[in-house]
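All remarks here apply to the structure that follows.
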Amino acid sequence: MAGLDAAAEALTTLIFDGVPLAVIAHYREHVAANTERLRLQNPVMTNIDAHSPDAALIMPNQTAFILKVTQPDDAELSGQLVLFYAAINTSEDEALAIVRRAVKADAAVEPTGGRLSQQTASALVLEAGLARAL
């Protein structure tokens, strides 16, 4: 349902403002803030080169989980912004914990049951122990 709200909000913005980049810019602001918050909360990962060949290596016991984040946002018509994150970890519960630390305290984080392939995780340069907005 929240995904439909986000789509309706984006469509409304496009209809009334006629500026597609406004929708994208707003989404990118949230993604950047959440990414920085996650990096600062995980000091071990601040020293890893995100562009190294091993950054997205998924070990046999790890999976790239897709998680849904819904957070209050007064700039959105429904008052909520929906984002999707991917996190590499050994369990979905650990991936949920990583994303919960990355987003604002009032955001709801829930599993989607979806996972990324090794090839997709590598293409996104995902790092184990960190989350990345999709």
Side-chain angles (χ1 to χ4, degrees):
M1 185 73 161
L4 292 176
D5 289 341
E9 290 165 17
L11 182 60
T12 302
T13 299
L14 293 174
I15 290 171
F16 289 108
D17 294 338
V19 184
L21 293 178
V23 174
I24 295 168
H26 187 63
Y27 177 80
R28 286 183 176 165
E29 288 172 12
H30 285 281
V31 169
N34 288 339
T35 300
E36 183 62 18
R37 187 173 22 263
L38 178 61
R39 186 166 289 284
L40 292 174
Q41 289 180 359
N42 193 345
V44 172
M45 299 309 288
T46 59
N47 296 326
I48 292 178
D49 179 9
H51 300 292
S52 73
D54 297 327
L57 181 64
I58 298 178
M59 304 310 283
N61 61 339
Q62 293 179 326
T63 303
F65 297 96
I66 299 173
L67 307 160
K68 177 182 172 184
V69 175
T70 306
Q71 64 186 41
D73 188 339
D74 293 335
E76 300 296 326
L77 293 176
S78 72
Q80 293 185 329
L81 181 66
V82 177
L83 306 161
F84 290 91
Y85 282 78
I88 297 175
N89 218 301
T90 55
S91 76
E92 194 167 55
D93 288 337
E94 290 174 1
L96 284 164
I98 290 168
V99 174
R100 283 187 179 116
R101 286 191 308 268
V103 297
K104 294 179 181 178
D106 56 355
V109 182
E110 58 188 292
T112 64
R115 297 178 176 160
L116 297 176
S117 69
Q118 169 74 36
Q119 184 177 10
T120 303
S122 293
L124 293 173
V125 193
L126 292 178
E127 298 176 39
L130 290 180
R132 174 160 299 182
L134 300 176

Checklist line | Over all atoms of both residues, closest heavy-atom pair of Glu92 and Gly113 | finding: OE2-N, 4.0 Å
Notebook entry, point to check: What are the two closest heavy atoms between Ala64 and Leu126, and how far apart are they?
Noted result: CB-CD1, 4.1 Å
Next item on the list: State yes or no: do Leu83 and Val103 share one hydrophobic cluster built from I, L, V, M, F, W and Y residues joined by side-chain heavy-atom distances below 4.5 Å, directly or via other members?
Entry: yes
Note to self: Please find the pair of heavy atoms, one from Pro111 and one from Leu67, that lie closest to each other, and give the distance.
What the structure shows: CA-CD2, 3.8 Å
Item checked: Interatomic distance, Leu134 atom CG to Lys68 atom NZ [nearest 0.5 angstrom] -> 14.0 Å
Checklist line | Shortest non-hydrogen contact from Ala95 toward Phe65 | finding: CB-CD1, 3.8 Å
Note to self: Minimum heavy-atom separation for Ala131 and Ile98, please, with both atom names.
What the structure shows: N-CG2, 3.9 Å
Check: Between atom CG of Asn89 and atom CG of Leu130, what is the distance when rounded to the nearest 0.5 Å?
Finding: 10.0 Å
Checklist line | N/O donor-acceptor pair under 3.5 Å between Arg115 side chain and Thr63 backbone | finding: no
Note to self: To check you understand the geometry: which heavy-atom pair defines the closest contact between Ala133 and Tyr85, and what is its length?
What the structure shows: N-CD2, 3.5 Å
Next item on the list: Drop me the distance from Lys104's NZ to Leu81's CG, to the nearest 0.5 angstrom.
Entry: 9.0 Å
Notebook entry, point to check: When you measure from the side chain of Thr112 to the backbone N and O of Ile66, does any donor-acceptor pair fall under 3.5 Å?
Noted result: yes
Check: Looking at residues at least two apart in the chain, or sitting in another chain, which of them share a side chain to side chain donor-acceptor pair (under 3.5 Å) with Thr120?
Finding: Ser117
Checklist line | Joint cluster assignment, Leu124 & Phe84, ILVMFWY side-chain distance < 4.5 Å | finding: yes
